[in-house]
Novice: 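My structure is below; once you've seen it, I'll send some questions.
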Amino acid sequence: MRIAGHEFGSRLILGTGGFPRLETLADAIRASQTEMVTVAMRRIDPGARGSLVDVLDDCGVRLLPNTAGCYTARDAVLTAKLARDAFETDWVKLEVIGDERTLLPDAVELVLAAERLVDDGFIVLPYTTDDPVLARRLEDVGCAAIMPLGSPIGSGMGINNAYNLRLIREQTALPVILDAGVGTASDAALAMELGCDAVLCASAISRAEDPVGMARAIRLAIEAGLLARGAGRIPQRLHATASTPLAGTPDFVHPSDPARPVPEP
Amino acid sequence: MIVVNGEPSAVAPGATLAELLVALDAPDRGVAIAVDAEVVPRGEWSSHRLADGAHVEVLVAVQGG
């Protein structure tokens, strides 16, 4: 998979939010074989110890800073610029939220922020709704990928509108990365079968009972989904199509059956 | 008075951002600073002096997303 000219061997981007311990995060990164993980920026906590950046460095992954918690283009742009200074990367996972309860993106502010950041030289990966028209707007302003949600962040509801994802896939040559909604491995497999290039996943892994086990499961599901897409699935039908030939089916005559004629030799 | 991350700071006006970071025991990496909602690049931390009334946000990398 190629994003903004950078080749990735892994099609899983891991969100680092929600892991109870840094050690678990590191183990999950290794099990997922991801090459890029998200990080956020928050006010310094004088009591906090243990360096997230050092742990991620040891894992050898690229950092993808996000703008989580921003509700306006203005704040998202400032947060992206701060992240660029902190991590020396032009890449940003752009989130501009419009509603506290659903954490759904604010389409108007999102496009505005994306445009400003692209103009400022950022590689913008926008977290967006599954609206194909909004996806086109984001592509028009120069985003490097489209990252539609399957369902709200952390909801684990999977892919609510497979039809829209297919429309987005069909209309763009940009990488399409399912971002948000994955609850378990089968959701990630479905995303790949529908044509996504990659899956971004945080809570499904970090809040699973066994985060490391789920990291491996989702990695394998992404691989399985991609292979299945390449292999070409059969069409769905209302009625059965026998897989065993009818020709040669035996005709058992039980002793209690009425006599039946036998063909002449 | 300087306001740092929403709280009054013990650091006096005229201090540099580098001095503020020492006072906060900030890590070496993954840190960014905004003064009055403008990024102050890392290269200017030792020269940037805080004016009275400045609103400073000192941010670090945290798990998220």
Side-chain angles (χ1 to χ4, degrees), chain A residues 13-22 24-25 37-57 63-69 74-75 77-88 92-95 125 127 147 153-154 179-180 200-203 206, chain B:
Chain A
I13 301 171
L14 182 66
T16 60
F19 285 92
R21 296 160 63 240
L22 284 176
T24 313
L25 168 60
V37 303
T38 63
V39 289
M41 303 231 55
R42 287 291 180 265
R43 287 173 166 175
I44 186 169
D45 172 3
R49 276 296 154 254
S51 169
L52 173 64
V53 179
D54 288 343
V55 168
L56 298 179
D57 248 15
L63 300 186
L64 178 62
N66 71 23
T67 61
R74 196 176 67 166
D75 284 355
V77 168
L78 177 56
T79 302
K81 288 178 177 175
L82 286 163
R84 176 163 68 180
D85 198 55
F87 307 120
E88 294 168 356
V92 62
K93 177 188 165 184
L94 178 61
E95 292 181 41
L125 282 61
Y127 164 63
M147 302 215 296
I153 293 171
D179 182 4
L200 195 159
C201 186
S203 305
S206 68
Chain B
M1 187 186 62
I2 311 291
V3 179
V4 177
N5 292 347
E7 306 277 346
S9 171
V11 170
T16 66
L17 287 175
E19 288 162 354
L20 172 64
L21 289 180
V22 171
L24 290 171
D25 194 20
D28 300 332
R29 307 170 57 216
V31 180
I33 304 178
V35 177
D36 298 329
E38 295 280 349
V39 183
V40 180
R42 179 171 292 266
E44 297 174 16
W45 291 351
S46 55
S47 59
H48 187 106
R49 292 191 181 280
L50 289 164
D52 194 20
H55 283 259
V56 186
E57 292 284 338
V58 180
L59 307 184
V60 295
V62 298
Q63 291 173 236

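So that the names make sense, note that chain A is the first sequence line, chain B the second, and so on, each numbered from 1. Note that the structure is a prediction, hence the values are computed from the model and not measured.
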Novice: Using a cut-off of under 4.5 Å on heavy-atom pairs, state which of A:Ile153, A:Leu78, A:Leu200 scores highest against chain B.
Specialist: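 Greatest number of close heavy-atom pairs with chain B: A:Leu78.
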Novice: Is B:Val40 in contact with chain A via its backbone, its side chain, both, or neither, using a 4.5 Å heavy-atom distance?
Specialist: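 For B:Val40, the contact with chain A is made by the backbone alone.
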Novice: Count the heavy atoms of every other residue, nucleotide or ligand shown that sit under 6.0 Å from CG of B:Asp28, and state whether that count exceeds 12.
Specialist: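 12 or below, so no.
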Novice: Please check if the number of heavy atoms outside B:Arg42 that lie under 6.0 Å from its CZ is greater than 12.
Specialist: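 Check passes, neighbour count above 12.
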Novice: How long is the span from the CZ atom in B:Arg29 to the CD atom in A:Glu88, to the nearest 0.5 Å?
Specialist: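 The distance works out to 9.0 Å.
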Novice: For the residue pair B:Gln63 and A:Leu22, establish whether any side-chain heavy-atom pair is separated by less than 4.5 Å.
Specialist: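 Yes; the side chains approach each other to less than 4.5 Å.
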Novice: Heavy-atom distance under 4.5 Å to chain B: side chain of A:Phe19, backbone, both or neither?
Specialist: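 When you check distances to chain B, atoms from both the backbone and side chain of A:Phe19 fall under 4.5 Å.
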Novice: Could you check whether any side-chain N or O of A:Asp85 sits under 3.5 Å from a backbone N or O of B:Pro41, counting only pairs where one atom can act as donor and the other as acceptor?
Specialist: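 Pair absent, no side-chain N/O of A:Asp85 close to backbone of B:Pro41.
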Novice: If you take all heavy atoms of A:Ala86 and B:Ala32, which pair is closest and at what distance?
Specialist: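 It is CB-CB, 3.9 Å.
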Novice: Quick one: closest heavy-atom pair of B:Ala61 and A:Met41, and the distance?
Specialist: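 Heavy atoms only, the tightest pair is N-CE, 4.1 Å.
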Novice: Roughly how far apart are A:Ile44 CD1 and B:Asp25 CG, rounded to 0.5 Å?
Specialist: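 Those atoms lie 7.5 Å apart.
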Novice: Identify which part of A:Leu82 has an atom lying under 4.5 Å from any heavy atom of chain B, answering side chain, backbone, both or neither.
Specialist: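 Backbone plus side chain of A:Leu82, per the 4.5 Å heavy-atom cut-off to chain B.
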Novice: Considering only heavy atoms and a distance below 4.5 Å, find which of B:Asn5, B:Val58, B:Ile33 pairs most often with chain A.
Specialist: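 Looking at each option in turn, the highest pair count goes to B:Asn5.
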Novice: What part of B:Val31 gets within 4.5 angstrom of chain A, counting heavy atoms only: side chain, backbone, both, or neither?
Specialist: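 Only the backbone of B:Val31 comes within 4.5 Å of chain A.
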Novice: Can you tell me which portion of A:Asp54 sits under 4.5 Å from chain B's heavy atoms? Options are side chain, backbone, both or neither.
Specialist: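 The answer is both parts of A:Asp54.
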Novice: Minimum heavy-atom separation for B:Val62 to A:Leu52, with atom names?
Specialist: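 Heavy atoms only, the tightest pair is C-CD2, 3.2 Å.
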Novice: Measuring heavy-atom distances to chain B, does A:Asn66 have an atom under 4.5 Å in its side chain, in its backbone, in both, or in neither?
Specialist: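 Looking at A:Asn66, just its side chain touches chain B.
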